**Q** 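My questions will all concern the structure given below.
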Amino acid sequence: MSALPLKQCCQQRYRCKNCQKRFITDYTYKAYLPGIDSKITQLTKEGLGFRSTERMLGIRFISIHSCLLSRDFVSCTACC
């Protein structure tokens, strides 16, 4: 991992040396896990609605909505 550690009270945060974005390695909320955006787009292409995708993946409706609205699915952890 090419990142610099940053201090925080609860979890260790890192800063990417390439893009300077901050991230943590162990996310507690499932919407931030790597690869979840591809699962959202796959389930949407298969015809599932937002609410059924929400139930299957265990993440909130608004997270699915904002993931589909954003065009940038690349996370910082992909470059580190």
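Source: prediction; values computed, not measured. Residue indices begin at 1 and follow the sequence shown.
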**Q** Name each donor-acceptor pair under 3.5 Å that joins a side chain in residues 42-50 to protein atoms two or more places apart or in another chain, with its distance.
**A**
residue : atom : partner : partner atom : Å
Q42     : NE2  : E46     : OE2          : 3.4
T44     : OG1  : I40     : O            : 2.7

**Q** Working to the nearest 0.5 angstrom, can you tell me the gap between S63 OG and L57 CG?
**A** 10.5 Å
**Q** Not counting sequence neighbours, list each pair that qualifies as a salt bridge (Lys or Arg N to Asp or Glu O under 4.0 Å) and has a residue in residues 52-63.
**A** R51-E54
**Q** Shared ILVMFWY cluster between I64 and I62, side chains joined below 4.5 angstrom?
**A** no
**Q** A side-chain contact here means heavy atoms from C-beta on lying under 4.5 Å apart; do K21 and R15 qualify?
**A** no
